[in-house]
Amino acid sequence: MLNQLRAQISTLTESERAELACELITSLDGPRDDSAEPAWQDEISKRRSKVESGSAKLLSREEFRAKMRERIG
């Protein structure tokens, strides 16, 4: 059965495969926790305010990559 699905999936367009992949990954996440949304919006607002006020320390892409390489080893 899985091989049949793979064969069918291979006939889909790239955007259709991407949509299917997103749906499959979402299905593995479990039920959505709608109570978390307000907390995320609050956190986003706080971070945006720090960026706009200049109090946030921003990293360039190169700095971020270097820090991640350090952490990974």
Side-chain angles (χ1 to χ4, degrees):
M1 182 169 158
L2 189 54
N3 286 333
Q4 290 174 332
L5 285 172
R6 285 185 180 122
Q8 289 177 315
I9 289 168
S10 69
T11 66
L12 299 174
T13 66
E14 185 175 330
S15 63
E16 290 170 329
R17 290 192 317 270
E19 184 178 343
L20 177 60
C22 182
E23 288 178 23
L24 289 171
I25 290 168
T26 301
S27 73
L28 297 173
D29 286 342
R32 180 183 168 105
D33 181 2
D34 290 329
S35 67
E37 187 67 24
W40 276 113
Q41 290 302 322
D42 185 49
E43 183 64 24
I44 291 167
S45 294
K46 287 178 187 176
R47 291 182 187 201
R48 183 176 183 177
S49 293
K50 286 183 179 182
V51 169
E52 290 173 347
S53 72
S55 64
K57 181 178 183 323
L58 304 177
L59 300 176
S60 68
R61 180 183 303 195
E62 292 77 25
E63 290 171 317
F64 174 77
R65 286 184 174 171
K67 285 184 176 278
M68 291 300 104
R69 285 188 191 107
E70 287 175 20
R71 285 186 181 181
I72 293 172

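Cluster annotation: I9 and I25 are assigned to distinct hydrophobic clusters (Ile/Leu/Val/Met/Phe/Trp/Tyr, side-chain heavy-atom contacts under 4.5 Å, transitive).
A pairwise comparison of heavy atoms in Q8 and T11 identifies O-OG1, 2.6 Å as the closest pair.
Every residue meeting the salt bridge (Lys or Arg N to Asp or Glu O under 4.0 Å) condition with D42, not counting sequence neighbours, appears here in chain and number order: K46. Every residue meeting the side-chain contact (heavy atoms from CB on, under 4.5 Å) condition with S55, not counting sequence neighbours, appears here in chain and number order: K50, S53. In terms of the side-chain contact (heavy atoms from CB on, under 4.5 Å) criterion, residue partners of L58 (sequence neighbours excluded) are, by chain and number, V51, A56. For A39, there are no side-chain contact (heavy atoms from CB on, under 4.5 Å) partners at least two apart in sequence or on another chain. In this structure, T26 has no side-chain hydrogen bond (donor to acceptor under 3.5 Å, both in side chains) partners at least two apart in sequence or on a different chain. For R48, the side-chain hydrogen bond (donor to acceptor under 3.5 Å, both in side chains) test picks out E52, with sequence neighbours left out. Applying the salt bridge (Lys or Arg N to Asp or Glu O under 4.0 Å) criterion to D34, with sequence neighbours excluded, gives R32. For Q41, the side-chain hydrogen bond (donor to acceptor under 3.5 Å, both in side chains) criterion is met by E37, not counting sequence neighbours. Considering only residues two or more places apart in sequence or on other chains, D33 meets the side-chain hydrogen bond (donor to acceptor under 3.5 Å, both in side chains) condition with S35.
To the nearest 0.5 angstrom, S10 atom OG is 11.0 Å from L5 atom CG.
Under the salt bridge (charged side-chain N to carboxylate O under 4.0 Å, His left out) criterion, no residue pair touches residues 6-24, with sequence neighbours excluded. Under the side chain to side chain donor-acceptor pair (under 3.5 Å) criterion, the residue pairs touching residues 63-73 are S60-E63, with sequence neighbours excluded.
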